2 protein chains.
Amino acid sequence: MNTLGFGLLGLLTQGPCSGYDLMLKMEPIWKAQHSQIYPLLAKMEQEGFVVHELQPQTEKPDKKIYTITDTGREALLAWLPEPPDERAGRDEMIIKAQSIWLIGPEAGRALFTNREAVYRDRIRYYQELLDKHHQGGVQPPSPSSPDFGSYILLKRYMGVFTWQMEWCRWVLSLLDEQAE
Amino acid sequence: MNTLGFGLLGLLTQGPCSGYDLMLKMEPIWKAQHSQIYPLLAKMEQEGFVVHELQPQTEKPDKKIYTITDTGREALLAWLPEPPDERAGRDEMIIKAQSIWLIGPEAGRALFTNREAVYRDRIRYYQELLDKHHQGGVQPPSPSSPDFGSYILLKRYMGVFTWQMEWCRWVLSLLDEQAE
DNA sequence: AGGTACATGTAATTGGTTACATGATTCC
DNA sequence: GGAATCATGTAACCAATTACATGTACCT
């Protein structure tokens with residue numbers, strides 16, 4: 001099984017769920033298309049990590065409600081403590097930034113202004129998710145709560161995107177300096 | 001052509017280079033294996049974006065020195081100003097963090113202690129690269145200098161990894177709180 | 001009339017990693 | 001003797017995106 005598979009198992013420890021809902025729940029942390037999730041769930045079922053039962057619906061396609069098995073839980077618990085791979089973070093902006101000197105300050109400014117806005121939107125998005133988290137209890141979830149993972153990840157994304165937004169502004173200030 | 005291809009073109013605007021050296025130069029910003037780079041360069045040559053000439057070597061395999069063509073430079077300049085795709089940043093640690101509550105505070109602490117060290121190493125690595133940058137001139141490169149891209153990217157990585165290191169420490173502090 | 005959400009699936013293609021393959025040189 | 005660096009390449013596989021496919025309900 002792959003990393004995405006373990007991500008799905010992690011969500012299923014919090015309760016049975018359809019493939020569609022798993023896709024939505026994965027979105028903030030590890031975006032994957034349904035075309036990747038549905039076949040993976042089927043494969044995971046073949047290998048005994050999950051089982052599903054049909055929930056008939058009228059006027060909508062039937063749902064497949066997946067549940068994690070003991071085998072699945074064991075596999076997840078064995079995988080979790082292993083030191084994670086460090087993955088290459090690939091972002092087109094990196095490649096464009098590398099060659100920014102080629103396109104002149106105006107086009108460069110457009111690129112970074114645009115990016116700054118993208119990061120601003122993402123920060124708003126993650127802030128909203130954090131606010132939802134705080135709706136119930138005002139206290140941050142304890143490390144033994146199932147919500148702890150989402151909580152610390154939201155904080156992580158907030159920080160990463162905030163830094164990148166500031167980085168865009170810093171680059172813009174360098175570009176402006178030259179214009180003077 | 002794909003994003004990696006444009007990255008290679010960007011490096012080639014700074015001078016002709018072998019596939020092997022391109023791989024090394026790409027490493028800090030967009031890690032790719034030689035098995036991805038060599039066939040891509042061949043394809044890019046077929047499409048007229050680069051040309052190569054053989055540099056015979058004794059006791060070592062001959063080098064293929066690639067040079068960007070006018071077509072290649074035009075394609076790069078047309079691509080650069082387009083707003084970049086926002087790519088999903090996939091890192092196994094994200095999936096593990098999501099399910100951290102399942103493995104208990106000791107194993108969780110091990111995971112984050114390990115990760116903190118990984119980020120610390122990366123910061124040291126990027127700091128060294130930044131120092132090398134500053135060796136020649138003490139002034140940061142101007143936006144019209146070919147080094148400007150590398151310079152701002154190194155700063156970006158420094159910031160991103162610094163934040164993630166601090167995030168690890170913050171999570172560790174939460175885990176410790178519970179232990180008390 | 002067109003877009004979004006719900007709900008699932010397959011097929012084609014691209015992107016990326018791992019492994020196989022060769023061969024000299026240098027460092028520990 | 002074994003690992004690392006230089007230097008290229010192919011083959012097999014896995015991961016991920018895009019497109020094709022179906023069908024209802026609701027909103028504008």
Side-chain angles (χ1 to χ4, degrees), chain A residues 1-9 11 16-27 29-47 50-66 79 84-92 94-95, chain B residues 1-9 11 16-27 29-47 50-66 79 84-92 94-95:
Chain A
M1 208 183 357
N2 58 24
T3 309
L4 175 59
F6 286 112
L8 298 175
L9 286 184
L11 292 177
C17 205
S18 72
Y20 188 84
D21 287 332
L22 286 171
M23 179 185 66
L24 295 181
K25 285 190 185 178
M26 285 298 293
E27 211 190 288
I29 57 162
W30 187 291
K31 208 169 179 167
Q33 314 296 323
H34 70 274
S35 56
Q36 201 182 357
I37 287 178
Y38 292 136
L40 181 56
L41 281 169
K43 204 185 146 207
M44 285 163 67
E45 183 154 35
Q46 271 192 352
E47 287 161 355
V50 294
V51 288
H52 83 268
E53 52 182 50
L54 271 181
Q55 191 182 84
Q57 299 192 120
T58 51
E59 316 288 4
K60 269 189 213 172
D62 294 350
K63 270 188 184 182
K64 286 189 176 180
I65 305 293
Y66 285 91
W79 176 81
D85 266 21
E86 221 201 328
R87 280 288 183 82
R90 292 200 172 87
D91 180 345
E92 272 198 352
I94 289 165
I95 300 296
Chain B
M1 208 182 358
N2 58 23
T3 310
L4 175 60
F6 285 111
L8 298 174
L9 286 184
L11 291 176
C17 205
S18 71
Y20 188 84
D21 287 332
L22 285 171
M23 179 185 66
L24 295 181
K25 284 189 185 177
M26 285 299 293
E27 212 190 288
I29 56 162
W30 187 292
K31 209 168 179 167
Q33 315 296 323
H34 70 274
S35 56
Q36 201 182 357
I37 287 178
Y38 292 136
L40 180 57
L41 282 169
K43 204 185 146 208
M44 285 163 67
E45 183 154 35
Q46 271 192 351
E47 287 161 355
V50 295
V51 288
H52 83 268
E53 52 182 51
L54 270 180
Q55 192 183 81
Q57 297 192 121
T58 51
E59 317 288 5
K60 270 188 214 174
D62 295 349
K63 270 187 186 186
K64 285 188 173 178
I65 306 295
Y66 284 92
W79 176 80
D85 265 22
E86 221 199 328
R87 280 287 183 81
R90 291 199 172 87
D91 181 345
E92 271 198 354
I94 289 166
I95 299 298

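The figures here come from the full heavy-atom set of this structure, side chains too, leaving out hydrogens, waters and symmetry mates. Source: prediction; values computed, not measured. Per chain, numbering begins at 1; letters A, B, ... match sequence-line order.
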Can you tell me the distance, in whole Å, between the CD atom of B/Gln55 and the P atom of D/dA7?
-> 9 Å
Could you write out each protein N or O paired with an N or O of nucleotides 10-15 of chain C at a distance under 3.5 Å?
from	atom 1	to	atom 2	distance (Å)
C/dG15	OP2	B/Asn2	ND2	3.3

Is there a side-chain polar atom (N or O) of B/Lys31 under 4.0 Å from OP1 or OP2 of C/dG16?
-> no
Gap between atom CD of A/Gln55 and atom NZ of A/Lys60 - 0.5 Å precision = 10.5 Å
Between B/Leu41 and B/Leu22, is any pair of side-chain heavy atoms under 4.5 Å apart?
-> yes
To the nearest Å, how far apart are B/Ile65 CD1 and D/dT8 P?
-> 7 Å
Tell me, do B/Lys64 and B/Leu54 make a side-chain contact under 4.5 Å, heavy atoms counted?
-> yes
If you restrict it to nitrogen or oxygen atoms, what contacts under 3.5 Å exist between nucleotides 24-28 of chain D and the protein, and what is each distance?
from	atom 1	to	atom 2	distance (Å)
D/dT24	O3'	A/Glu59	OE1	3.1
D/dA25	OP1	A/Glu59	OE1	3.1

To the nearest Å, give me how far apart CG (B/Leu40) and P (C/dG16) are.
-> 10 Å
Nearest-angstrom distance from the residue atom CE of B/Met26 to P of C/dT17 = 12 Å
Taken to the nearest whole Å, CG/B/Asp62 to P/D/dA7 is 11 Å
Where do A/Leu40 and A/Asn2 land on the side chain to side chain contact (heavy atoms under 4.5 Å, CB included) test, with the steps shown first?
-> CA-CA 9 Å; A/Leu40 181 56; A/Asn2 58 24; 3.7 Å; yes
Does the side chain of B/Tyr66 come within less than 4.5 Å of B/Asp21's, by heavy atoms?
-> no
note: A/Met23, atom CE; C/dA7, atom C1'; distance rounded to Å ~ 9 Å
D/dA7 phosphate, OP1 or OP2, under 4.0 Å from B/Gln57 side-chain N/O | yes
Contacts of A/Pro16 meeting side-chain contact (heavy atoms from CB on, under 4.5 Å) (sequence neighbours excluded), chain-then-number -> A/Ile65, A/Thr67
Are A/Thr3 and A/Trp79 close enough, and set up right, to give a side chain to side chain contact (heavy atoms under 4.5 Å, CB included), and what steps lead you there?
-> CA-CA 10 Å; A/Thr3 309; A/Trp79 176 81; 4.3 Å; yes
Hey, which of these two, A/Pro61 or B/Lys63, hits DNA chain D nearer its 5' end, going by closest nucleotide?
-> B/Lys63
Flag the pair B/Leu9 / B/Met1 as yes when at least one side-chain heavy-atom distance between them is below 4.5 Å, and no otherwise.
-> yes
Interatomic distance where CD belongs to B/Glu53 and P belongs to D/dT8 [whole Å] = 13 Å
Write down the distance between CG (A/Asp21) and C1' (C/dA5), rounded to a whole number of angstrom.
-> 12 Å
How about A/Glu27 and A/Met23: do any of their side-chain heavy atoms sit closer than 4.5 Å?
-> no
Using only side-chain N and O atoms of B/Tyr20, determine if any of them is under 4.0 Å from OP1 or OP2 of D/dT8.
-> no
